[in-house]
Visitor: 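Below is the structure I would like to discuss, written out as structure tokens.
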Amino acid sequence: MEEAGQKPARRATWLQLAVVALTAIATVAGADALLQATVAYPPPLREIEDAIDEYGASDPTIVVLGSSHARTFGALGAILAERTGGAERVLNVPVEFGKATSYLWVIENRLKPLIDEVDGAGRRARAGLRRFILVTEWWDSCPENADGRLATNVPARAWVLSDFLADAARHGLTGYNRNYMNNRFTEMAEASVLWRDRGHDRIRNGVQAWLGGVAEGLASASVERRVNDFRRIIEEGEACTQDEREWRAMREIIDFFATRGADVTVVVYPRMPATVTPKSRDGTLRVFSERIARLASEKGFRLTDWTFGTPLADQDFELDLDHMTPEGNRKLSEWALSGPLAFLAPPPGREGRDVAGGGGSDGAATGGPR
């Protein structure tokens with residue numbers, strides 16, 4: 001009798017737990033749906049896979065490769081297409097988190113099959129590519145891992161399923177190859193505002209603003225902490241900017257496109273002014289600029305250094321202090337196309353002639369046209 005009396009109680013307990021779980025799920029889903037309707041969130045960011053799909057269905061004349069900063073060239077590409085009547089077609093390939101070795105992996109494993117693909121007559125299937133632009137900065141020369149492994153952005157954002165399966169077959173499931181699965185899950189959950197807001201604080205800032213008055217001081221303190229963090233990171237970066245493996249990858253990237261007849265330009269991306277200190281200006285940023293300038297002299301590519309001297313102000317950057325607002329992207333693009341990158345859309349009658357300009361911390365051209 002005792003056992004018989006306990007079974008309904010246990011069933012009731014499991015039922016109660018199920019109801020609680022379903023209620024919690026419904027509450028979270030309802031909150032997410034409400035936030036989707038009230039919190040302004042931008043569309044999902046462009047990733048490597050978007051660029052690869054676009055390349056497969058098109059024939060770009062200019063390929064731009066870089067970290068998340070390469071997304072700026074989406075705005076530049078739109079302006080350039082308008083100015084040239086579609087004659088110039090920019091494909092920007094953003095490799096979130098950067099690193100020269102990551103860029104090289106993307107080139108060799110994702111871009112090369114498209115660039116070198118031939119048709120039945122043995123001609124290039126996509127013959128439009130004439131220029132290559134590498135967008136870089138000091139961060140790209142600092143390895144993520146001291147043991148020589150590629151940075152985690154390769155499995156997270158550049159692998160396809162076969163890469164993951166091959167690595168898992170060799171090493172089993174590891175923290176490294178699980179980056180592939182984690183990012184795939186994130187992509188599947190991108191409709192969720194709660195999921196996408198991790199680390200961005202859009203919801204918190206929105207709620208604070210809705211409450212009125214209270215948020216401004218908190219937001220200001222938060223930005224100040226981030227600025228100080230960025231300053232420290234850049235100041236401490238000098239020691240790692242001389243990693244030979246990353247610089248060897250940089251050389252191989254330049255050689256890859258040069259041997260395919262593409263005109264090569266390297267752009268050193270600007271920093272938010274508030275994040276630069278005299279120490280980082282004279283240390284990390286100067287050291288990187290000098291080394292990339294030596295590489296330009298050695299390899300003969302065009303170099304334009306935007307670390308300083310652009311028209312950008314602090315308000316042109318997002319709250320992450322690293323990426324620009326849509327207005328900032330357009331401002332930088334308009335400036336570049338009227339100065340250091342004016343050769344991409346020369347005035348009528350000057351087609352084929354490169355216009356040198358911009359670059360360097362003093363605004364002078366660094367490196368020269370090929």
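Atom set for the values below is all heavy atoms of this structure, side chains included, hydrogens, waters and symmetry mates excluded. Every value quoted in this text rests on a predicted model; they were computed, and no experiment measured them.
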Visitor: Do the charged groups of Glu96 and Arg71 touch, with an N to O distance under 4.0 Å?
Guide: yes
Visitor: Tell me the closest heavy-atom pair linking Ala274 and Asp314, and the distance in Å.
Guide: N-OD1, 2.9 Å
Visitor: Output yes when Arg286 and Asp282 qualify as a salt bridge under the 4.0 Å nitrogen-oxygen rule, no when they do not.
Guide: no
Visitor: Kindly assign one of parallel, tilted or perpendicular to the pair Phe164 and Tyr180, based on the angle between their ring planes and the thresholds 30° and 60°.
Guide: parallel
Visitor: Once rounded to the nearest 0.5 Å, what's the spacing between atom CZ of Arg294 and atom CD of Glu298?
Guide: 10.0 Å
Visitor: May I ask you to say whether Lys99 pairs ionically with Glu246, meaning some side-chain N is under 4.0 Å from a carboxylate O?
Guide: no
Visitor: Hey, are Glu88 and Arg130 close enough for a salt bridge, meaning a charged N less than 4.0 Å from a carboxylate O?
Guide: yes
Visitor: So, are Arg231 and Glu224 salt-bridged, with charged N and O less than 4.0 Å apart?
Guide: no
Visitor: Can you measure from CG (Asn92) to CG (Leu76) and round to the nearest 0.5 angstrom?
Guide: 9.5 Å
Visitor: Decide side-chain contact (heavy atoms from CB on, under 4.5 Å) for Lys299 and Asp255; before the verdict, give the C-alpha distance in whole Å, the side-chain angles of both, and the deciding distance to 0.1 Å.
Guide: CA-CA 8 Å; Lys299 292 290 186 181; Asp255 290 343; 3.0 Å; yes
Visitor: Using 4.0 Å as the upper bound for N to carboxylate O, is an ion pair formed by Asp243 and Arg245?
Guide: no
Visitor: Assess Arg157 against Phe97: is NZ or CZ under 6.0 Å from the centre of the six-membered ring, and within 45 degrees of the ring's axis?
Guide: no
Visitor: Salt-bridged, Arg330 to Glu334, with N to O below 4.0 Å?
Guide: yes
Visitor: Do Arg251 and Trp247 come close enough that some side-chain heavy atom pair is under 4.5 Å?
Guide: yes
Visitor: Can you check side-chain contact (heavy atoms from CB on, under 4.5 Å) on Met324 and Lys331, steps first, answer last?
Guide: CA-CA 10 Å; Met324 278 173 277; Lys331 178 194 286 190; over 6 Å; no
Visitor: Do the charged groups of Glu144 and Arg149 touch, with an N to O distance under 4.0 Å?
Guide: no
Visitor: Grab the two heavy atoms, one from Thr284 and one from Glu235, that are nearest each other, plus how far apart they are.
Guide: OG1-O, 3.6 Å
Visitor: Please say whether the positively charged group of Arg260, taken as NZ for Lys or CZ for Arg, lies over the ring of Phe132, i.e. under 6.0 angstrom from the six-membered ring centre and within 45 degrees of the axis.
Guide: no
Visitor: Does the pair Asp322/Arg271 count as a salt bridge with the N-to-O cut at 4.0 Å?
Guide: yes
Visitor: Any idea how Phe73 and Trp306 line up, ring-wise: parallel (<30°), tilted (30 to 60°), or perpendicular (>60°)?
Guide: parallel
